[in-house]
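I have placed the structure first, in the form of structure tokens, so that the comments after it can refer back to it.
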Amino acid sequence: MIVDRQGRRFRNLRVSLTAACNYACTYCVPDGKRLVAAHDELSADALAQGVAYLVEAAGIERLRITGGEPLVSPRLPAFLEAVARLGLEEISLTTNGQLLARKLTLLRDAGIRRLNVSLDTLDPQAFRRIARGGDLACVLQGMAQASAAGMAIKVNMVPMRGQNLDQVLPLLDYCLEHGYELRFIELMRMGHLARDGKAFLEQFVGLDTLLALIGERHAFEQAPRPLDATALRYHIPGKGHFGVIANESVPFCRACSRLRLSSTGWLHGCLSSGSRHFVGDLLDKPRHQALPALQRLLVKALADKQDVAFSGDVMVMKVIGG
Ligand code: SAM
């Protein structure tokens with residue numbers, strides 16, 4: 001097992017199935033153009049082989065499928081079928097929910113029991129302004145159907161001043177009512193926001209502001225969470241939980257166990273480091289050749305992790321997933 005001097009190792013793998021997306025969210029895509037798949041994206045089998053090798057070489061326990069938007073990828077069924085055979089502790093998926101109702105049977109049959117659905121507002125106009133694609137009603141319907149099918153749903157919201165701060169309480173109440181766990185993600189300095197500090201600071205909403213806002217309506221207490229969890233978790237007695245991924249306010253780099261594999265075969269050990277390591281050429285090699293080479297790259301990827309705090313990067317989320 002590859003472990004660094006802070007005791008960190010890779011346990012959680014996020015695979016970006018495609019860079020293509022049916023949204024063009026303001027914080028992800030500055031020019032508002034819908035994202036298309038990269039021309040050199042790997043096949044479902046190659047990506048699944050990558051997961052299998054990483055399970056062995058890095059000790060990956062849990063897999064999250066992301067993107068781009070994973071539900072738009074024609075490779076999703078074959079990828080799900082291949083990774084289902086790997087005996088992972090958990091396979092989950094992050095989606096904008098637009099195609100959720102349509103893909104629900106596929107996901108359920110593949111053993112997916114946990115979904116993270118990104119949703120920044122319950123206001124249809126603000127939805128169109130932020131996501132620049134899709135339809136709010138489809139997302140809400142997809143979540144309701146997934147929940148009725150027994151899936152656990154976490155909703156990811158990025159609160160932003162001037163865009164959706166007025167939606168913090170309505171979205172929280174909606175999630176509590178429907179049994180979804182809302183997680184606020186502090187805006188990250190990724191992509192164009194890493195270059196444009198002014199735009200970042202104008203929109204950024206930190207943990208203290210959020211908790212003060214929520215405290216106006218609900219009494220809550222901090223709840224226990226796993227050691228390598230990125231989210232702080234809070235309990236509202238009698239109502240449910242919510243979380244905050246406080247990248248800036250309470251950095252979690254010291255306990256980060258995440259590894260990312262892009263749709264084009266690059267390993268990223270840290271969202272906040274410009275470094276990446278190409279593994280696409282190892283995936284059709286036999287195990288005895290692939291694993292030692294992969295292990296050397298994993299040592300480098302682990303060394304890319306920040307010691308303490310996230311500082312952002314010009315790399316865009318669409319490429320590597322959240
Ligand atoms: N399409 C899928 C979705 O919408 O969940 C997966 C990819 S999306 C890039 C994953 C997550 O990253 C979303 O929850 C999104 O809100 C978040 N995200 C993207 N850019 C971000 C940024 N600059 N700061 C904070 N969160 C961001």
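We count ligands from 1, going down the list as the structure has it; atoms in each ligand are counted the same way.
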SB check R287 E56 (cutoff 4.0 Å)
yes

Residue part near ligand 1, for T95, under 4.0 Å between non-hydrogen atoms:
backbone

Sub-4.0 Å atoms of ligand 1 with respect to non-hydrogen atoms of S118
3 (C), 4 (O), 5 (O), 13 (C), 14 (O)

Which option wins on minimum heavy-atom distance to atom 22 (C) of ligand 1: R64, R14, M188?
M188

Do any N/O atoms on N116 end up under 3.5 angstrom from N/O atoms on ligand 1?
no

Could you tell me whether E61 and R11 make a salt bridge, using a distance below 4.0 angstrom between a side-chain N and a carboxylate O?
yes

Under 4.0 Å from any heavy atom of G68, which atoms of ligand 1 are there?
1 (N), 2 (C), 6 (C), 7 (C)

Could you check I130 against Q163 for side-chain contact (heavy atoms from CB on, under 4.5 Å), going step by step and ending with a plain yes or no?
CA-CA 8 Å; I130 297 171; Q163 301 233 33; 3.5 Å; yes

With atom 16 (O) of ligand 1 as the reference point, say which of F200, Y27, Y23 has the nearest heavy atom.
Y27

In terms of atom number and element, which parts of ligand 1 are under 4.0 angstrom from non-hydrogen atoms of T66?
6 (C), 7 (C)

Cationic N near anionic O, under 4.0 Å, R189 to E248:
yes

Quick one: do R62 and E90 make a salt bridge, cutoff under 4.0 Å?
no

In terms of atom number and element, which parts of ligand 1 are under 4.0 angstrom from non-hydrogen atoms of N156?
14 (O)

Smallest separation among heavy atoms of G206 and S249, with atom names
CA-OG, 3.9 Å

Using a 4.0 Å heavy-atom cut-off, say whether N96 meets ligand 1 through its side chain, its backbone, both or neither.
both

Are the aromatic rings of F242 and Y180 close, with centres under 6.0 Å apart?
no

